[in-house]
Amino acid sequence: MSASRFDTLPEAFQYTAARAPEAVALRTPGDGQMLTWGEYARRVRVLAAGLAGIGVRPGDTVALMMSNRLEFYPLEVAAQHLGATSFSVYNTLPPAQSAHVLGNAGVRVVICEPQYVDRLRDAEVGLEHIVCLDQVVEGTLSIDELIASGAAGFDFEAAWRAVRAEDVATLIYTSGTTGNPKGVETTHANILFQVYGIAEVLGIEFGDTITSFMPSAHIADRLTGLYVQEVLGTQVTCVSDPKLIAPALADLHPTIWGAVPRVWEKLKAAIEFKVAGEPDEQRRAAMEWALSVAQRRSAFQLAGEPVPDDVAAEWARADELVLRGLRAALGLDRVRWAMSGAAPIPPGTLGFFAGLGIPVTEIWGMSELSCICSVSHPRDARLGTVGRLLPGMQARQSADGELQVRGPLVMKGYRGLEQQTAEAIDAEGWLSTGDIVSIDADGYLAVVDRKKELIINAAGKNMSPAVIENTIKAGAPLIGAIATIGEGRPYNTALIVLDAEAAESYARQHDLPDASAAALATDPSVAHAIRTAVAAGNDRLSRVEQIKRFRILPVFWEAGGEEITLTMKLERRVVTEKYATDIEALYTATLSPNVHEPAAAPALAPS
């Protein structure tokens, strides 16, 4: 990281782009497309002139609606250079929410792919211009026409130098689990403090390589892809479809990387299925041995205990013979550190990758805090915690354990929502996060759950559904999602949904003709696998937390659907309402059809 620190994103970008103009800044897998820093900077200049030519001024809002693609970057950065507020809209938002977001943001110009033009017009929010990529659509501007709109005398230098640290750089729309999405106003100062803070903790160098594969509307992708790149000079590989991330990793072998827990769980499941399906018995035995050694080492790491010398020695042998090959096959053999965030990750999943020799650190943050607020370098991380607050941030806890934070990451406010802003941030600048946490003597944070999602059972016992769900999922690659039920009930039950990709692999390995959710939900072997997984998870939970009954739903839940938000959060209210009949069947006096109980523990052999 350079010693230079800047106040705005345009300042940082201009410095970064001039450092090594011939170095590759942006690419797609296989080098299908590439853009050097010099080309990137020239593209930003002409696009900024074009946007100014169609009337974009400081303080205006420009929205982008497209898949992950290289063209996104210079377009967004160009808008920043005019002092505009630029942000991305989730492509999968329902029409009503799209209209709300565009209207609340006060969008004047949208840059999008052709398939979204009709949806934007249907939103009826008074757009002045729609700029369309890829092809000409009647009534829209093409990129060439946008560029041609630039005036010859446009003063690009004066435009970006007029941008101020307190200007709103972007809007981050919340997932809308409690109503319409709220637009978090995030300033250049917020973002620069964020980038410099994580760079100070983790170490990020010019030329570090990373992928962008989550939607750019997700602040985690916009931070780690776009903003970190502008400020620190990383090389970004744009992956058009999240389902293609595995081959993209194998293509790139990134030096730094991050993903949401579900992606880490899928990678873990892919390794486990690969090992289980290895046809060569000798190779399979070697891989199983190596993974068992990795698990033994990670057990000490998860417990915060030193790894015994004999375990360390056996791990080094397993690493030489098997594990380094597995890391290389994943494409994570060059990674210095990786992150997991946006939702709690099962400790067992973190331990699995620690055992493989892949340094993953769990982070915590929220849209109202620009993205990441706590993180530790993997060498300092304590598995099961989300690290310590970034330098310069303060924390305190309310009487009920809710975390409150104050400092330069706290948002300017919710766009157009003064009352909600005042409810979130008190007069002294403390933001109420809504998360119940514990903080140890060294300042490491452990997130218990969302304050509003804690379960209080019929006996008055408080429990965290996230802890229960992560414990059950830890050893069950077949499970895609769990919704724990127990509020006001005598015992806990769960609705379980299979993971679509893992289900397909399972059906193939077990010669099942139908990999649909409906078929697998009633398959006896699947039921047995889930019964066993729930029983194993229960062994790691207190008696009151344990899942007593569950139902495997005949559907897959995907991000952006009714049950799971685009930021991978469970819509618990929707689930309890939509599946009310299934839930009641979990509490009948006699076991209902398709309702299962955990597998019984094996009987002890007589002594």
Distance-only side-chain donor-acceptor flag, Tyr73 / Ser212, under 3.5 Å: yes
Listed partners of Gln33 passing side-chain contact (heavy atoms from CB on, under 4.5 Å), at least two apart: Thr28, Leu70, Glu71
Interatomic distance, Leu520 atom CG to Asp499 atom CG [nearest 0.5 angstrom]: 11.5 Å
Residues that Thr361 engages under side chain to side chain donor-acceptor pair (under 3.5 Å), provided they are two or more places apart: none
Residue pair Arg27, Leu35: steps toward the side chain to side chain contact (heavy atoms under 4.5 Å, CB included) verdict: CA-CA 6 Å; Arg27 67 184 289 274; Leu35 204 65; over 6 Å; no
Salt bridge present between Lys268 and Glu272 (N-O < 4.0 angstrom): yes
Ring pair (Phe, Tyr, Trp, His ring centres under 6.0 Å) contacts touching residues 261-288 (sequence neighbours left out): Trp257-Trp264, Trp264-Phe353
Could you go through residues 332-339 and list every donor-acceptor pair under 3.5 Å that involves a side-chain atom there, pairing it with any protein atom two or more places apart or in another chain?
from: Asp333; atom 1: OD1; to: His253; atom 2: ND1; distance (Å): 2.6
from: Arg334; atom 1: NE; to: His253; atom 2: O; distance (Å): 2.8
from: Arg334; atom 1: NH2; to: His253; atom 2: O; distance (Å): 2.8
from: Arg336; atom 1: NH1; to: Asp208; atom 2: OD1; distance (Å): 2.7
from: Arg336; atom 1: NH1; to: Asp208; atom 2: OD2; distance (Å): 3.4
from: Arg336; atom 1: NH2; to: Gly203; atom 2: O; distance (Å): 3.1
from: Arg336; atom 1: NH2; to: Asp208; atom 2: OD2; distance (Å): 2.8
from: Trp337; atom 1: NE1; to: Leu202; atom 2: O; distance (Å): 3.2
from: Trp337; atom 1: NE1; to: Gly203; atom 2: O; distance (Å): 3.2

Contacts of type side-chain contact (heavy atoms from CB on, under 4.5 Å), residue Thr532, not counting sequence neighbours: His528, Ala599
Reference residue Pro29; test side chain to side chain contact (heavy atoms under 4.5 Å, CB included); the match among Ile245, Leu244, Thr237, Leu252: Thr237
Any side-chain donor near an acceptor of the partner, Ser374 and Tyr444, under 3.5 Å: no
Any Val239 side-chain heavy atom under 4.5 Å of Asp241 side chain: no
Sub-6.0 Å ring centroid separation between Phe6 and His188: no
Sidechain-backbone polar pair: Asp221 side chain, Phe213 backbone, donor-acceptor under 3.5 Å: yes
Intermediate values then yes/no, side-chain hydrogen bond (donor to acceptor under 3.5 Å, both in side chains), Asp435 and Thr433: CA-CA 5 Å; Asp435 279 337; Thr433 66; 4.7 Å; no
Side-chain donor-acceptor pair present, Tyr40, Gln229, cut-off under 3.5 Å: yes
Side-chain donor or acceptor of Glu278 paired with backbone N/O of Asp280 under 3.5 Å: yes
Check against side-chain hydrogen bond (donor to acceptor under 3.5 Å, both in side chains), Tyr506 and Ser525: CA-CA 10 Å; Tyr506 181 92; Ser525 70; 3.0 Å; yes
Chi angles and distances behind the side-chain hydrogen bond (donor to acceptor under 3.5 Å, both in side chains) call for Thr170, Arg222: CA-CA 10 Å; Thr170 194; Arg222 211 149 76 249; 2.9 Å; yes
Side chains of Glu469 and Thr484, donor plus acceptor under 3.5 Å: yes
Tell me which donor-acceptor pairs under 3.5 Å the side chains of residues 313-321 have, and how far apart each pair is, sequence neighbours excluded?
from: Glu314; atom 1: OE1; to: Arg296; atom 2: NH2; distance (Å): 2.5
from: Glu314; atom 1: OE2; to: Trp289; atom 2: NE1; distance (Å): 3.1
from: Glu314; atom 1: OE2; to: Arg296; atom 2: NH2; distance (Å): 3.2
from: Trp315; atom 1: NE1; to: Gly355; atom 2: O; distance (Å): 2.6
from: Asp319; atom 1: OD1; to: Arg327; atom 2: NH1; distance (Å): 2.7
from: Asp319; atom 1: OD1; to: Arg327; atom 2: NH2; distance (Å): 3.0

